[in-house]
S.K.: 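Structure incoming, see below.
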Amino acid sequence: MKQYTKAKALLESLKTIPDYRVVIGKIQYPLAEVLFMVIFALLKGNTKFKEIFG
């Protein structure tokens with residue numbers, strides 16, 4: 001249960017980062033969730049764009 005608490009705390013911390021992206025006719029995913037997934041992909045060893053987002 002502690003692991004989920006830490007992950008939730010990380011996500012809450014990421015939500016404090018200001019999002020300056022401009023949306024023009026595209027689906028916008030919440031920045032905190034994108035960063036959260038990228039962090040875990042990097043920890044897993046995925047370092048290339050296609051490995052993370054493909």
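Numbers here are sequence positions counted from 1.
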S.K.: Hydrophobic cluster mates of Leu14, side-chain heavy atoms under 4.5 angstrom, ILVMFWY only, any path?
M.R.: Leu10, Leu11, Ile17, Leu31, Leu35, Phe36, Ile39, Phe40, Leu43
S.K.: Between Lys15 and Ala32, which heavy-atom pair has the shortest distance, and what is it?
M.R.: CG-CB, 3.6 Å
S.K.: Suppose we screen for side-chain contact (heavy atoms from CB on, under 4.5 Å). Which residues come up paired with Val34, at least two apart in sequence or across chains?
M.R.: Tyr29, Val38, Phe53
S.K.: Can you tell me if Glu33 uses its side chain to pair, donor with acceptor, with the backbone of Pro30 under 3.5 Å?
M.R.: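 Checked: no pair found.
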